[in-house]
Structure formats: C-alpha cells, structure tokens
Amino acid sequence: MSQPIRVYNTLTRTKERFEPPADHHVRIYACGVTPYAEAHIGHARPALIWSVIRKYLEARGYRVTLVQNFTDVDDKIIDRARAEGEEPLRLAARFSQQYLDAMRRLGIEDADRYPRVSEHIPDIVEMIETLVEKGFAYVVDGDVFYDVTRFPEYGKLSGQRLDELMAGTRFEADERKRNPMDFALWKAAKPGEPAWDSPWGPGRPGWHIECSAMSLKYLGNHIDFHGGGLDLVFPHHENEIAQSEAYTGRPPFVRYWVHNGLIKMGAEKMSKSLGNVVSVEALLERHPAELIRFYLLNTHYRSPLEFSDGAFEDARRGWRRLATAVAELRRFMAEHGLPRSGAEEQAPADDEPAADPGAALRSPIDPDALAPQLDEAGRLFAEAVAETPARFDAAMADDFNTALAIAALFDLARAVNGYRQHLARRGRGETEGEAAVRRGAGPVSRRGGGEWRVVPPPEEAAGRAAAAGAADERLVAALIELVLEVRQEARAAKNWAVADRIRARLQELGVVIEDTPEGTRWKKAEDA
RNA sequence: GGCGCAGUAGCCAAGGGGCUAAGGCGGGAGUCUGCAAAACUCCUAUUCGGCGGUUCGAGUCCGCCCUGCGCCUCCA
C-alpha cells in the first residue's frame, strides 16, 4: 500500500504528513503570472511541477482541482502597455495567451481554471469592503490600505517580526499609511490607467488581494495547497494570509504552503526585471519539450536550479539513454507481436479517473510467481520491472521527489537494455514467463513516457503531429533507406571505405546510423 | 541591518539520526562489433564547507564561523 504523502510546508519549515481532505478532493491554487512579457522557464517550472503533482495525486485516487491565476491588472502591465502604445488589458491578454501556448507546447496540461483579475473586480471589492468593515483596512483618498498591526500573526509565513520589518524598511513609505508595512488593497485611479468603480471611487486592486479573492471564490477556505515561487513568500503570500484569514475569520486559509526554488542564470536569479531570462519559446526552438521537462524534473522542486547551456547538454546525454531504452522497448513489443506500448503510454482519459486508484503505483507482475520460468537475467529484469512502480510511488510520496523518481526510471532503462541484450545473445526466443515480464514493462515505462512526457512519444504519434510535412518526411525516409541499401551491399563486399564514407556523410547531414545484429538503423540527430 | 535557503565525487544531483552515501554526466578498464555508434559489465566520495557540541551512533540534530544565493521594492 502506498505510504502517506509527506510535503514540505513553508509555514512550519518541516516536512509534514499530508492529511487528505475528507471528501478526497484536493484543492490547489498555484500562483500564476503577471502577463507583461514572454513566458520564461522560471514560469514553466511551477507549472510543470503542479501538473506532475496533480497527476500523482490523481493516481493516488484523489480528485484534484487546480486553479492558476493571471494577474492581468498590474503596474508592470500598465507601464509596458504605455511604452508599447497598447491597451493594458489587451497586452495582458496577448501575453496570457502566449503563456498558455508556451506551456501547452511543453506538454503541460491546462489547469482547471485560469481566473483573471479583470474579471473578478466585484469579488475583490466585496472582500475589501468586508476588511474595511472589520477594521483590518482603512481608506485614504480613494486608496485602501491593510493595517498589518491588526493581524497579530503577520509575518508567520516568512518568519519575520513586524517590528523588524518596520525598522528595516528600505523604501520611502507612503506618508498616508498608518504603518510603513501596510499594503494597498485598492489603488485610486491615476489618469490613463484602467479603472473600475468602487465604494472608494474609481481605481484598481492592489497586488495580493486578487489571489485571496479568486482562491476563496473557486476553491473555498482551507485549501490544501497554495504554491508559487520562493520569491513570493514575502510579501505576496504573507499578505494573502493576512487578508484572507482576517476576511474569513476562520484560519487556516491554506493548509500546506508549497514553494518551488528559483531558476538562476549563472549565479543570479533569472527574472524579467534583470533581463536575463530564457524564454520558453527560445528553448523550444533548440530542444524537444521532453528534454526540457526532463531537465526541470531531474532536480527536486525546492532546490535552486542553475540554468546553463552546458548543464543542458549534460542532461541531454542522460536523457537520450532513457529515450533510447523506451524506444527499444517499443520496438521490442512490436517485433514480438505484442501490443504497441504506445497505446498503453497514453495518459488515461479524463473521464475515467480512479477506476482503480493506485493501479499505476503497483507492480504489474509478480516476480516470485514468474521466477521458476526465468533465468538469472530474466529474474533481474523481472525484479526491476516489479520494483519500479513502488520506487516511483515512494519518491513522489516524499515531498514529490521527481529527481528520485527519475533515478528509478534510469535503473529500469538499464534493466530493459540489459535484458534485451541478454536475449539477443542467448539466441533463442523468450519463454512465456519472460514475455509476461516484458509486457509488464510497457505500462511501467508509461510513467516516464506518457504521463511525465520526459521521453519522446512513439514514432507514429510524433508522425501524426508532423502530418503537415508528412509527404516530405516519407520521401526523406525512402531516400535514406535507399542509401542504406547501397551501403549494405558495400559492407557485404567488405568495402569498408565506401560504407564508412556513407556513414560519415549522412552524419554530416544529421542522420545517425547504427549497425546492429538485426540490421542498420537510422535516426535524426536531433531525436537522438 | 532583519528574515530565509543552500554548500554532498571533476561536473550536475538525491538523501535530513544507525543497513554497503541514489541517479545522471564525464573519466578509466572490459564485453559486443569489420570499424564506429548504441547498449551492457566493473571501477571512479572511508566521506558530505570549517570548527566545536549532543548522542552508543551525525552529511543528517544544536551552536559558532566561512562561502554563495534569495527576500525585505516588481518577480514563478
């Protein structure tokens, strides 16, 4: 049976046991983006992590609702829009769409909802009104500020003491504030800015309040997870707690605060304001989505991740081995007349969740029962296939340790390749027991192939995706086959010079050749 | 100045009181192979930034120090 899920809670600075909600419905709010520029990999990390956590929770039999906001009303957007001569909301809509497109191209499934500030002004106004009525907020000249001294627990998330914060204020505080740390819930409109009517006059929401309002609206109080980058802990999430718990009067607003580490460029943080970003689009031009996912998931979500092209190339080599193993497994299935594992690798359809909760987390075979039918290599293979789901489960249950889970995939890949080689050398076909083990490996590899998409999809699926260029693709393939045929004749005649020249020239053209006992294979370099 | 995170092999990176310190890259030696590639096998940290302490036992807990980073102003 699966072990309890443990999750690191920023609020308590410890790994805590996750107590599932009574209705088995897990509610997640992941802080999204302020869409004023192209999405970069720093945005992709939390989006990817939450989509993977979500899949894991669903595999454990929970129903999951994931909400991710767009803060489409914001100073940065207004500034940028002014510079570009574009309507702020239009610009925000444009970059929101760009973000969604980029995430989809990375193979990240949509969240259940993407609420926008601009569409929730009434909810926000209502919340601010209540905070004013309850005495947590005060109005000055059309602005509304939150009085941090009214919330005794202010600072509990970030471990700050209010007096220290006040003392350490580095900026010139607005003199109309009661305390320097008070923050704006509502900002009176300035000329040329988007504005909405409110009881305090035309204006717009401050930062922070939108997440409280939209989280409470769509997920209710006491949600299970609230996530975002480590840079949001203070003041954003601190302020969210203050607003939300003051508003509801029934803490906790959030049960587990989950923050991902930041992506750094060299030694520095990657951020739009520093201008050292790598956009998702730019990365996708150079690398397959699966490699990018692998790169991101191969480090635990809470660790800082230093981005560099060199690190990416190192990751690529390891990733290639995984991809090769899965490709070999698929080929193996096909050659032995077994169902292509491609079908099995598709993620389960959305409308059939939890038909058998946890099935994917259990071993598909019983190695002990099969043992009498297996030789030594077969037993090793069977054990690897049998162990992988449990290792995967254990890794994910321990604070969603994707890096540890991927290590299990590497071990499985080695077992698959080793077994395949063993079979080829032994010379006779597999026994019924061995075939059973290999059939079991299909669904297991699905975790990496289909569900996590850290290895490329089956060729036929990729082929469909590239249907537009299909005719050319077929022609190219036919030409390569032709060349290889000629080269094979040269090899048969031991004309190594010609054979090697063909190989070298194809290599220059980006076509990699491998001579195997079963014949010559080829693939494009970028897929290898 | 305050708060917080991190420092594990040549590089990346898991592990957070006790079985042999995961996994990847790189490197070395083999197997297979016309050669190459791929793949497989074995080897590559008596030790976890430093110094003290707690403990029968510490990368793992505590204290101090060093180094790097983040937040305290917009940021995933």
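In the text below, chain A, chain B and the rest are named by the order of the sequence lines, each starting its count at 1.
Across all strands, A:N401 comes closer than 4.0 Å only to sugar-phosphate atoms, never to a base (heavy-atom distances). At the heavy-atom level, A:L230 lies nowhere under 4.0 Å from the strands shown. In this structure, A:G310 reaches neither bases nor backbone, as no heavy-atom distance under 4.0 Å exists between it and the strands shown. Contacts of A:G42 with the nucleic acid, taken as non-hydrogen atoms under 4.0 Å apart, include base atoms. Within the nucleic acid shown, A:R501 has no heavy atom closer than 4.0 Å to any nucleic acid atom. Note on A:L322: nothing from the nucleic acid sits closer than 4.0 angstrom, heavy atoms only. Residue contacts shown for A:I41 are absent, as no nucleic acid heavy atom lies under 4.0 Å away.
Comparing B:A39, B:C72, B:A36 against the side chain of A:R503 picks out B:A36 as the nearest. Side-chain atoms of A:D500 lie closest to B:C35 of the nucleotides B:C72, B:C35, B:A38. In this structure, of B:C5, B:A76, B:A39, it is B:C5 that holds the atom nearest to the side chain of A:R13. Counting only heavy atoms from C-beta on, A:C31 has its side chain closest to B:A76 among B:G2, B:A76, B:C40. Of the candidate nucleotides B:C40, B:G26, B:G34, B:G26 has the atom lying nearest to any side-chain atom of A:R317. Comparing B:A76, B:C25, B:G2 against the side chain of A:Q160 picks out B:G2 as the nearest. The nucleotide whose nearest atom lies closest to any side-chain atom of A:Q421 is, among B:A14, B:C40, B:C35, B:C40. Closest approach to the A:H40 side chain among B:A37, B:G34, B:A76 is made by B:A76 (side chain taken as heavy atoms from C-beta onward). With distances taken from any side-chain atom of A:F234 to the nucleotides B:C71, B:A76, B:A38, the minimum falls on B:C71. Of the candidate nucleotides B:G23, B:C74, B:G34, B:G23 has the atom nearest to the side chain of A:D411.
Straight-line distance between the C1' atoms of B:G49 and B:C25: roughly 24 Å, to the nearest whole Å. Spacing of P atoms, B:G4 relative to B:C61, comes out at 16 Å, to the nearest Å. Separation of the P atoms belonging to B:C19 and B:A38 is 37 Å when rounded to the nearest angstrom. Atom name P, nucleotides B:A6 and B:G16: the rounded distance is 13 Å, in whole Å. With both ends at atom P, the span from B:A21 to B:A45 equals 11 Å, rounded to whole Å. A gap of 47 Å separates the P atoms of B:A29 and B:C71, to the nearest Å. Of the C1' atoms belonging to B:A22 and B:G15, the separation is 7 Å, rounded to the nearest Å. For the C1' atom pair drawn from B:A9 and B:U54, the interatomic distance equals 29 Å after rounding to whole Å.
The distance between atom OH of A:Y301 and atom C1' of B:A14, rounded to the nearest whole Å, is 14 Å. As rounded to whole Å, 19 Å separates atom P of B:C32 from atom CD of A:E514. Summarising the geometry, the separation between NE2 on A:H236 and P on B:C74 is reported as 11 Å, rounded to the nearest angstrom. Per the geometry, CG belonging to A:D515 stands 11 Å off P belonging to B:C35, to the nearest Å. The distance from atom CD1 of A:I406 to atom P of B:C12 is 18 Å, rounded to the nearest whole Å. The interatomic distance linking A:L157 (CG) with B:G2 (P) rounds to 21 Å, in whole Å. Between the CD atom of A:E210 and the C1' atom of B:C74 there is a distance of 13 Å, rounded to whole Å. One atom, CG of A:L412, and another, C1' of B:C40, lie 15 Å apart when rounded to the nearest Å.
Atom-to-atom distance recorded for A:Q421:CD and A:L423:CG is 11.0 Å, nearest 0.5 angstrom. Note: A:R204 CZ to A:D74 CG = 7.5 Å, rounded to the nearest 0.5 Å. Taking OH of A:Y29 as the reference point, atom CG of A:D224 lies at 15.5 Å (rounded to 0.5 Å).
Taking the centre and axis of the six-membered ring of A:Y301, the NZ or CZ atom of A:R45 falls outside the cone set by 45° and 6.0 Å.
At B:U41, one or more side-chain N or O atoms of A:R414 fall inside 4.0 Å of OP1 or OP2 (strictly under the cut-off). Side-chain N/O atoms of A:R321 include one lying less than 4.0 angstrom from OP1 or OP2 on B:G24. Taking only side-chain nitrogens and oxygens, A:R521 never comes nearer than 4.0 Å to OP1 or OP2 of B:A37. Distances shown here put a side-chain N or O of A:N417 below 4.0 Å from the OP1 or OP2 atom of B:C40. An OP1 or OP2 oxygen of B:C40 is reached within less than 4.0 angstrom by no side-chain nitrogen or oxygen of A:R425. Contact annotation: A:T516 side-chain N/O to B:A39 OP1/OP2 distance is not under 4.0 Å.
Because its glycosidic torsion is more than 90° from 0, B:G68 is reported here as anti. The glycosidic torsion of B:G15 lies more than 90° away from 0, placing the base in the anti range.
Atom NZ of A:K190 is surrounded by 12 or fewer heavy atoms from other residues, nucleotides or ligands within 6.0 Å.
RNA chain B is contacted by both A:D314 and A:Y8; A:Y8 maps to the nucleotide lying nearer its 5′ end (nearest heavy atom per residue). Heavy-atom nearest nucleotides on RNA chain B were determined for A:V233 and for A:H43, and the one closer to the 5' end corresponds to A:V233.
Partner assigned to B:A21 is none, using Watson-Crick or G-U wobble distances below 3.5 angstrom. Pairing partner, B:C42: B:G28, with both Watson-Crick or wobble hydrogen-bond distances short of 3.5 Å. Across all strands shown, B:C74 forms no Watson-Crick or G-U wobble pair with both distances under 3.5 Å. Nucleotide B:U54 is matched to nothing when pairs are restricted to Watson-Crick or G-U wobble geometry with both distances under 3.5 angstrom. For B:C5, the paired base is B:G68 (Watson-Crick or G-U wobble, both distances below 3.5 Å).
Not a single donor-acceptor contact under 3.5 angstrom links the side-chain atoms of A:N298 to the base of B:C12.
Between A:V280 and A:Y99 the shortest side-chain heavy-atom distance does not fall below 4.5 Å.
Applying the 5.5 angstrom centroid cut-off and the 30 degree plane-angle cut-off, the aromatic ring of A:F410 is not stacked upon the base of B:G24.
With hydrogens and angles ignored, the 3.5 Å screen pairs a side-chain donor or acceptor of A:D72 with a backbone N or O of A:S118.
For an aromatic pair to be called close, the ring centres must be under 6.0 Å apart, and A:F18 with A:F225 satisfies this. A:H259 and A:H237 have their aromatic ring centers within a separation under 6.0 angstrom. Between A:F312 and A:Y295, the distance from one ring center to the other falls under 6.0 angstrom.
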